[in-house]
Amino acid sequence: MQKDSEVEVSENIENINQLMKQRLQKLEEMRASGETAFKSKFARTHLLADVIHAYSEIEPGENTGQEVTVAGRIMAIRRHGKASFMALKDRTASIQLFLSLGTLGEENYKKFLDYDIGDIVGITGTVFKTRRGELSIDVKDFTLLTKSLRPLPEKWHGLKDVETRYRQRYVDLIINPHARQTLLTRVKVVKAIRKWLDNRNFLEVETPMLQAIPGGATARPFITHHEALDIDLYMRIAPELYLKRLIVGDLERVYELNRNFRNEGLSVRHNPEFTMLEVYQAYADYIDMMNLCESLIKYAAEEAVGTLKLTYQEQPVDLSGEWQRLTMIESIEKYGGVKVSFDQSLDELRKIASEHGIRLEEHYGKGRIINEFFEKLVEGKLWQPTFVTDYPTEISPLAKKKPDNPDVTERFELIIIGLEVGTAFSELTDPVDQLTRFEAQVKLHEYGDEEAPKAVDYDYVRALEYGMPPTGGLGIGIDRLVMLLTDNYSIREVISFPHMRPEKG
RNA sequence: GGGCCCGUAGCUCAGCGGUAGAGCAGUUGCCUUUUAAGCAAUUGGUCGAAGGUUCGAUUCCUUCCGGGCUCACCA
């Protein structure tokens, strides 16, 4: 591939359309006249938002005489005879440029107007307001900082083609304010979460992404290979077991906010790599984590979008007030209209399941069946933030059992807009119980459950044998939280570069 | 992986058996306060790819490629 790149480039130049040819021609002319179209550095005196902030109050027709030096991308050109206008955009705002033949002189006026939409320029000029009241910069001096060779999408409709928007996110970001806003909100969410946790003495740590035994969740992992060691490694499906090792190591409060990888289907709410926050707090339980989770998300929402009263896909979502809490069994009765319990027999539960069209695998126990009821009949209906507690032990291999009911665990999931946004539990600290449950999981794998772990993580059990303090652990899916906060239906919208099939071949 | 839908100019879209259109962008004129500027002229397409049916295919059929939604699986 690499050695062919020169050939490919020249082939591309042969095949490109006339719009690019025209721009390449301009580039050639500049080169011939000794000017580079790709300059190194440009010192601005103002960001565009600064200019707007400082001078927005001036009167229409007023010229401040104030000189500013700004830079940005040309987004529109309105040629107008002996005076013309451009729209200039930088990271903070857009402003109008005014070009007049009188000020620039014929040669420079023509030269500037020969620039293209998409070009990146540096400008010096004075701030004034047009008769129509548009704050503008009367250009005295200009320089081309970067020549743009490809035409941008249309100014009015923008770039709509979803495939191009994802594959060429840079274009999406240039042209579609919504794409930019989503990314900026995501940045604020992440920053707010870190700030909240840092302020409470949680330590941000980093644990292995390449793992010999992928644990901490049930999912099919990506497999990779370490050449020097000649062993297969797995991209982590969760950082959980390593973070808890750090709790064993007496760090007491840790978190990690980074990528997990799961080798499963793509969908509007699943990307093969996704960002997860995991928080562990020693001497806390799942109720503490519930409170932590609620405060943290409220804080992040307030910081990122400035309100707790949201709209998602035209439906209101209210994050203010106390979030609903109910057990899984209660939720199935309330939202699914079905009464189930662990007191019923396996056969009874199976019968009710089939009456509701719920398909079950042979090896499912009561807990997993009850969870199926929840997922099929309830989860999608939980639109307002809801903590669902008392998850079955059978599907919670890393959570502490409830002292008064070993069928369920001290665990919750947070559901908003019908989506699982977070999960937390009182971590299982009993090494003997943990080993038993790991072994049961490995059996499931042997029965053909691809998502169950292949091997027991004995080192993790050994760590527990040294003693882990009682600990609450919480996971929050950051992409989904951002979907909620930015009102995006697809997870791909909140990921800068979502996974796509390769473009060619 | 199954089902449904989409792929036409740089972008946004029409056309759907008779050989390709509009708006924006581009190019050339005119225009010194416009702002989706305006007016006039104009360039630009192997109609996603390959087969098939037909006198003739962008249009109908098949396969493939890419994408979207959805179901299954998962967070």
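Reminder, nothing fancy here: chain letters follow the sequence lines and each chain counts from 1.
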Problem set entry | Any-strand Watson-Crick or G-U partner of B/rA9, both distances under 3.5 Å | none

For this session: Please determine which of A/R411, A/K244, A/K400 meets the salt bridge (Lys or Arg N to Asp or Glu O under 4.0 Å) test together with A/E427.
Result: A/K244

Exercise. Would A/D479 and A/R269 count as a salt bridge (Lys or Arg N to Asp or Glu O under 4.0 Å) if you check the C-alpha gap in whole Å, the side-chain angles of each, and the deciding distance to 0.1 Å?
Worked result: CA-CA 9 Å; A/D479 310 280; A/R269 39 206 97 139; over 6 Å; no

For this session: With heavy atoms under 4.0 Å as the rule, sort A/E134 into base, sugar-phosphate or nothing.
Result: base

For this session: May I ask you to say what A/L19 touches in the nucleic acid, namely base, sugar-phosphate or nothing, with a heavy-atom cut-off under 4.0 Å?
Result: base

Exercise. How would you label the contact of A/V268 with the nucleic acid (heavy atoms, under 4.0 Å): base, sugar-phosphate, or nothing?
Worked result: sugar-phosphate

Exercise. Which nucleotide sits closest to the side chain of A/R492: B/rC73, B/rC11, B/rC69?
Worked result: B/rC69

Exercise. For the side chain of A/Q18, counting heavy atoms from C-beta on, which of B/rU33, B/rG23, B/rG44 is nearest?
Worked result: B/rG44

For this session: Take atom C1' in B/rA49 and the same atom in B/rG67, then report the distance between them in whole Å.
Result: 15 Å

Exercise. Contact class for A/R501 vs. all strands (heavy atom < 4.0 Å): base, sugar-phosphate, or nothing?
Worked result: sugar-phosphate

Problem set entry | Sugar-phosphate, base or nothing in reach of A/G102, heavy atoms under 4.0 Å | base

Exercise. Expressed in whole Å, how much space separates the C1' atoms belonging to B/rC60 and B/rG18?
Worked result: 15 Å

Exercise. Using a cut-off of 4.0 Å on non-hydrogen atoms, how would the nucleic acid contact of A/K26 be classed: base, sugar-phosphate, or nothing?
Worked result: sugar-phosphate

Problem set entry | Short N-O contact, A/R165 and A/E493, less than 4.0 angstrom | yes

Problem set entry | C1' spacing across the pair B/rA36 / B/rG23, given as an integer number of angstrom | 11 Å

For this session: Pick base, sugar-phosphate or nothing for A/R79, based on heavy-atom distances below 4.0 Å to the nucleic acid.
Result: base

Exercise. So does A/E106 pair up with A/K110, basic N to acidic O under 4.0 Å?
Worked result: no

Exercise. Is A/F274 stacked on the base of B/rA75, meaning ring centres closer than 5.5 Å and planes within 30 degrees of each other?
Worked result: yes

Exercise. In whole Å, what separates the P atom of B/rA25 from that of B/rC11?
Worked result: 16 Å

Exercise. Is the shortest side-chain N to carboxylate O distance from A/E273 to A/R259 below 4.0 Å?
Worked result: yes

Exercise. How far does the P atom of B/rC24 sit from the matching atom of B/rA40, given to the nearest Å?
Worked result: 11 Å

Problem set entry | First of A/K82 and A/L419 reached from the 5' end of RNA chain B, by closest nucleotide | A/K82

Problem set entry | Atom pair distance, as rounded to whole Å: CZ in A/R269 and C1' in B/rC71 | 11 Å

For this session: Using atom CD1 of A/I358 as one end and atom C1' of B/rC71 as the other, report the distance to the nearest whole Å.
Result: 16 Å

Exercise. Which part of the nucleic acid, if any, lies within contact of A/N260, taking any heavy atom under 4.0 Å across all strands shown: a base, the sugar-phosphate backbone alone, or nothing?
Worked result: nothing

For this session: Give a yes or no on whether the ring-centroid distance for A/Y115 and A/F142 is below 6.0 angstrom.
Result: yes

Exercise. Taking atom types as they are modelled, is there a donor-acceptor pair under 3.5 Å from the base of B/rU32 to the side chain of A/S100?
Worked result: no

Exercise. Can you tell me how far P in B/rU58 sits from the matching atom in B/rG52, rounded to whole Å?
Worked result: 14 Å

Exercise. Do the side chain of A/R78 and the base of B/rU34 come within less than 3.5 angstrom through a donor-acceptor pair of N or O atoms?
Worked result: yes

For this session: Figure out the NZ/P separation between A/K160 and B/rC24, and round it to whole Å.
Result: 16 Å

Problem set entry | Nearest-angstrom distance from the residue atom NE2 of A/H157 to C1' of B/rA22 | 12 Å

Exercise. Parallel, tilted or perpendicular: which describes the rings of A/F85 and A/H80, with under 30° parallel and over 60° perpendicular?
Worked result: perpendicular

Exercise. Could you state the CG-P distance from A/L398 to B/rA75, rounded to the nearest angstrom?
Worked result: 12 Å

Exercise. From B/rC24, B/rA37, B/rU35, pick the nucleotide closest to the side chain of A/T130?
Worked result: B/rU35

Exercise. Counting side-chain heavy atoms from CB outward, which of B/rA36, B/rA75, B/rU32 is closest to A/K155?
Worked result: B/rA36

Exercise. Does A/R132 make a side-chain N or O approach to OP1 or OP2 of B/rU35 shorter than 4.0 Å?
Worked result: yes

Problem set entry | hbond_proxy A/Q96 side chain to B/rU34 base (donor-acceptor, 3.5 Å cutoff) | yes

Problem set entry | C1' spacing across the pair B/rA22 / B/rA9, given as an integer number of angstrom | 11 Å

For this session: Scan A/M500 against the nucleic acid and name what it touches under 4.0 Å (heavy atoms): base, sugar-phosphate only, or nothing.
Result: sugar-phosphate

Exercise. Of all the choices, B/rA75, B/rC69, B/rG10, which nucleotide is nearest to the side chain of A/T218 once you look at every atom?
Worked result: B/rA75

Exercise. How long is the line joining CZ of A/R220 and C1' of B/rC73, in whole Å?
Worked result: 9 Å

Seminar exercise, completed: Winner on side-chain proximity to A/P153, out of B/rA75, B/rA72, B/rC11, is B/rC11

Exercise. Closest to the A/F85 side chain: B/rG66, B/rU34, B/rU32?
Worked result: B/rU34

Exercise. Taking NE2 from A/H499 and P from B/rG66, how many angstroms apart are they, rounded to a whole number?
Worked result: 16 Å

Problem set entry | Pairing partner of B/rG56 (Watson-Crick or G-U wobble, both distances under 3.5 Å) | none

Exercise. Atom CD1 of A/I117 and atom P of B/rG10: how far apart are they, to the nearest Å?
Worked result: 16 Å

Seminar exercise, completed: By the Watson-Crick or G-U definition, both distances under 3.5 Å, B/rC64 is matched with B/rG48

Exercise. Would you say the side-chain atoms of A/Q313 and A/D487 include a donor-acceptor pair closer than 3.5 Å?
Worked result: yes

Exercise. Under 4.0 angstrom, heavy atoms only, what part of the nucleic acid is A/N263 near: base, sugar-phosphate, or nothing?
Worked result: nothing

Problem set entry | Over all atoms of both residues, closest heavy-atom pair of A/K129 and A/S56 | NZ-O, 2.6 Å

For this session: Looking at every strand, decide which applies to A/R167 at a 4.0 Å heavy-atom threshold: base, sugar-phosphate, or nothing.
Result: sugar-phosphate

For this session: Both distances under 3.5 Å, Watson-Crick or G-U wobble: report the partner of B/rC39, or none.
Result: B/rG29

For this session: Answer with base, sugar-phosphate or nothing: what part of the nucleic acid does A/F128 contact at a heavy-atom distance below 4.0 Å?
Result: base

Exercise. Roughly how far apart, to the nearest Å, are B/rG15 and B/rU59 at atom P?
Worked result: 15 Å

